[in-house]
There are 2 protein chains.
Amino acid sequence: MTYSEENYIKVIYHLSLVSPKGINTNAIAGMIESKASSVTDMVKKLAEKELVDYQKYQGVTLTQKGLHAAKMIVRKHRLWEVFLVEKLDFTWDEVHALAEELEHIKSEKLINRLDEFLGFPKEDPHGDPIPDRYGQMIKVEKQLLSEVGLNKKVMCLGVKDSSPSFLQYLDKHQISLGSEIEIINKEAFDMSLTILMNGKEILISNKIAGNLFVKVI
Amino acid sequence: MTYSEENYIKVIYHLSLVSPKGINTNAIAGMIESKASSVTDMVKKLAEKELVDYQKYQGVTLTQKGLHAAKMIVRKHRLWEVFLVEKLDFTWDEVHALAEELEHIKSEKLINRLDEFLGFPKEDPHGDPIPDRYGQMIKVEKQLLSEVGLNKKVMCLGVKDSSPSFLQYLDKHQISLGSEIEIINKEAFDMSLTILMNGKEILISNKIAGNLFVKVI
DNA sequence: AAATAAATTTAGACAAAACTAAAAATTATT
DNA sequence: AATAATTTTTAGTTTTGTCTAAATTTATTT
């Protein structure tokens with residue numbers, strides 16, 4: 001599998017988690033920052049290699065083989081992220097771009113040794129589950145902070161958007177994985193929240209709350 | 001710089017350590033396992049980017065810019081080798097192929113953090129010096145075991161050939177960096193050596209002795 | 001249901017990096 | 001010094017992954 005093929009498989013995997021039907025050409029092109037025609041070309045090649053099922057105009061779905069390949073790429077990506085944050089002291093907004101490169105290093109032995117070195121982590125620094133060598137991963141029962149009711153206490157589990165600007169926002173407000181938050185008020189007009197964290201009240205917008213995964217505690 | 005350009009620069013660097021004049025096309029082709037015509041094409045591109053000086057039929061030499069680029073690739077390669085051996089318990093014959101891939105990961109910050117994490121090592125697992133972030137490295141005063149006189153005591157510093165088969169041979173005979181060796185006998189006919197190591201006498205061929213760097217102690 | 005809009009695919013082209021085969025230059029040999 | 005052998009370069013192809021522009025299919029509106 002080439003670098004480029006791996007990127008396509010990974011993007012198709014991420015899209016199929018959101019919408020489980022056939023993934024359409026334009027959606028892939030948007031994620032990979034290429035053009036629809038390029039996607040058609042690549043998808044044909046992936047279909048020949050039996051990594052995806054593809055019918056003209058009907059979008060693609062991953063085959064079993066493609067799904068497993070995708071999970072192994074995600075596994076590498078997330079294990080490298082853990083390494084970068086825990087061992088090399090990178091912040092959680094810096095690691096994504098680096099992991100995009102490291103995920104293409106081809107060695108099962110390397111990634112299994114890395115997994116062991118890191119103590120077989122189950123989640124990456126953004127709270128996303130890490131597939132094990134067989135592709136199995138935990139299912140985190142999480143919901144968006146924007147969906148939680150008033151006066152509930154929650155624990156921060158992860159992010160939906162993992163763009164550097166959002167992660168830096170969280171850092172600035174000292175919100176990290178494990179942070180405990182209580183919802184004090186919800187403004188009807190703009191759905192902004194007043195939350196209590198570490199004894200301090202903070203106002204956060206609906207957009208922020210809509211990108212933060214939490215679990216009621 | 002592309003993956004392929006980096007490989008060419010690295011090979012030209014290694015060849016220029018051995019012969020300091022212009023490096024010829026065929027030598028590069030041999031190392032990179034490509035054809036002379038491909039080398040000519042690539043060398044023209046590298047010359048345009050001012051990484052090498054090139055005149056038709058006269059071979060190439062690295063420019064200052066090219067030399068620095070080469071050292072940074074070597075730095076990455078050797079630091080990743082240290083990581084693989086010291087942190088992930090790989091053997092020294094396994095790491096070269098993996099480091100060939102890892103050396104192309106593009107991030108100065110990552111490699112400097114890795115350097116720090118490893119405690120700023122000065123040598124890689126094969127005894128080769130690791131350039132620092134400015135390209136500086138120690139010069140190991142080493143000679144080949146085959147060149148050392150009778151009855152001398154030496155310490156093993158590194159290898160000339162780092163192919164898996166040679167490294168596995170050394171492992172099998174428990175010869176590693178730091179091993180102390182005394183030369184008991186030198187056979188005039190085939191230049192094979194009888195050496196004393198850990199109280200045991202071993203016979204080694206001239207070919208082995210010609211690929212093992214040592215220092216007289 | 002026909003017309004229009006949007007999405008997708010095809011056809012043809014391009015850049016990077018490799019190749020083969022032939023031509024040109026350099027080096028070695030007689 | 002002339003010829004032969006070797007090395008290097010040029011010219012023309014190939015493959016991978018991308019692109020634009022045109023054609024086709026599917027979806028949406030009127």
Side-chain angles (χ1 to χ4, degrees), chain A residues 1-13 15-16 18-62 66 69-70 73 100-101 103-106, chain B residues 1-13 15-16 18-62 66 69-70 73 100-101 103-106:
Chain A
M1 243 173 134
T2 67
Y3 195 101
S4 188
E5 286 170 359
E6 288 190 342
N7 277 335
Y8 274 88
I9 288 294
K10 183 185 60 170
V11 160
I12 294 167
Y13 172 74
L15 289 170
S16 44
V18 183
S19 78
K21 14 165 200 165
I23 306 305
N24 42 321
T25 307
N26 262 355
I28 299 171
M31 294 276 282
I32 244 149
E33 293 180 15
S34 66
K35 295 296 151 71
S37 56
S38 310
V39 174
T40 303
D41 288 346
M42 179 57 87
V43 145
K44 281 182 185 167
K45 192 186 308 178
L46 295 174
E48 264 174 39
K49 294 194 171 191
E50 301 190 321
L51 292 160
V52 298
D53 288 319
Y54 167 62
Q55 283 155 252
K56 275 191 193 182
Y57 299 100
Q58 304 306 308
V60 289
T61 51
L62 291 173
I73 299 165
E100 289 284 297
E101 266 193 84
E103 73 191 4
H104 298 289
I105 301 292
K106 285 175 203 356
Chain B
M1 242 173 133
T2 67
Y3 195 101
S4 188
E5 286 170 359
E6 289 190 340
N7 277 334
Y8 274 88
I9 289 293
K10 185 184 59 169
V11 160
I12 295 167
Y13 171 75
L15 288 170
S16 42
V18 183
S19 78
K21 13 167 200 164
I23 307 304
N24 42 321
T25 307
N26 262 356
I28 299 171
M31 294 276 283
I32 244 149
E33 291 180 15
S34 66
K35 295 296 152 71
S37 56
S38 310
V39 174
T40 302
D41 287 347
M42 178 55 88
V43 146
K44 281 181 186 169
K45 194 189 304 179
L46 295 175
E48 264 174 39
K49 294 194 172 189
E50 301 190 321
L51 292 161
V52 299
D53 289 320
Y54 167 63
Q55 283 156 251
K56 274 190 192 179
Y57 297 101
Q58 304 306 309
V60 288
T61 51
L62 290 172
I73 298 164
E100 289 284 297
E101 265 193 86
E103 73 191 4
H104 298 289
I105 300 293
K106 285 174 202 355

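Here is how names work: the chains are called A, B, and so on, in the same order as the sequence lines, proteins then strands, and each is numbered from 1.
Considering only side-chain N and O atoms, B/T25 lies nowhere under 4.0 angstrom from the phosphate OP1 or OP2 of D/dT7. Residue B/Y8 has a polar side-chain atom (N or O) positioned under 4.0 Å from OP1 or OP2 of C/dA18. Neither OP1 nor OP2 of D/dA21 sits under 4.0 Å from any side-chain N or O of A/S37. The side chain of A/K35 places an N or O atom within less than 4.0 Å of a non-bridging phosphate oxygen (OP1 or OP2) of D/dT20. Proximity of B/K44 to the phosphate of D/dT9: no side-chain N or O atom is located under 4.0 Å from OP1 or OP2. Neither OP1 nor OP2 of C/dT8 sits under 4.0 Å from any side-chain N or O of A/Y54. Residue A/N26 has a polar side-chain atom (N or O) positioned under 4.0 Å from OP1 or OP2 of C/dT8. Not one side-chain nitrogen or oxygen of B/K56 sits closer than 4.0 Å to the OP1 or OP2 atom of D/dT7. Dashed line: the shortest gap from a side-chain N or O of B/N24 to OP1 or OP2 of D/dT8 is under 4.0 Å. Regarding contacts with the backbone of C/dT8, every side-chain N or O of A/T40 stays at 4.0 angstrom or more from both OP1 and OP2.
Rounding to the nearest 0.5 Å places CD1 of B/I28 at 8.0 Å from OH of B/Y8.
Side-chain contact check for B/N7 versus B/E103: some heavy-atom pair is nearer than 4.5 Å. A/V52 has its side chain out of reach of A/I23: every pair of non-hydrogen atoms, C-beta onward, lies at least 4.5 Å apart. Side-chain contact between B/M1 and B/I9 is present, with heavy atoms from C-beta onward closer than 4.5 Å. Using a 4.5 Å cut-off on side-chain heavy atoms (C-beta onward), B/T61 and B/S16 make no contact.
As a whole-Å value, the separation of A/M42 CE from D/dC19 P is 11 Å. Taking atom OH of residue B/Y57 and atom P of nucleotide C/dA23, one finds them 13 Å apart after rounding to whole Å. Look at CD1 on B/I32: it is 7 Å from P on C/dA18, rounded to the nearest Å. A straight line from CD1 of B/I28 to P of C/dA18 spans 12 Å, rounded to a whole angstrom. Atoms CD (A/Q55) and P (D/dT26) sit 11 Å apart, rounded to a whole Å.
A/S38 comes within 4.0 angstrom of a base, heavy atoms only. Looking at heavy-atom distances under 4.0 Å, A/D41 makes contact with a base. No contact: A/Y3 has no heavy atom under 4.0 Å from any strand.
Distance from the side chain of A/Q58 is smallest to D/dT26 among D/dC19, D/dT26, D/dT9. The side chain of A/A36 approaches C/dT9 more closely than any other nucleotide in the set C/dT9, D/dT8, C/dA18.
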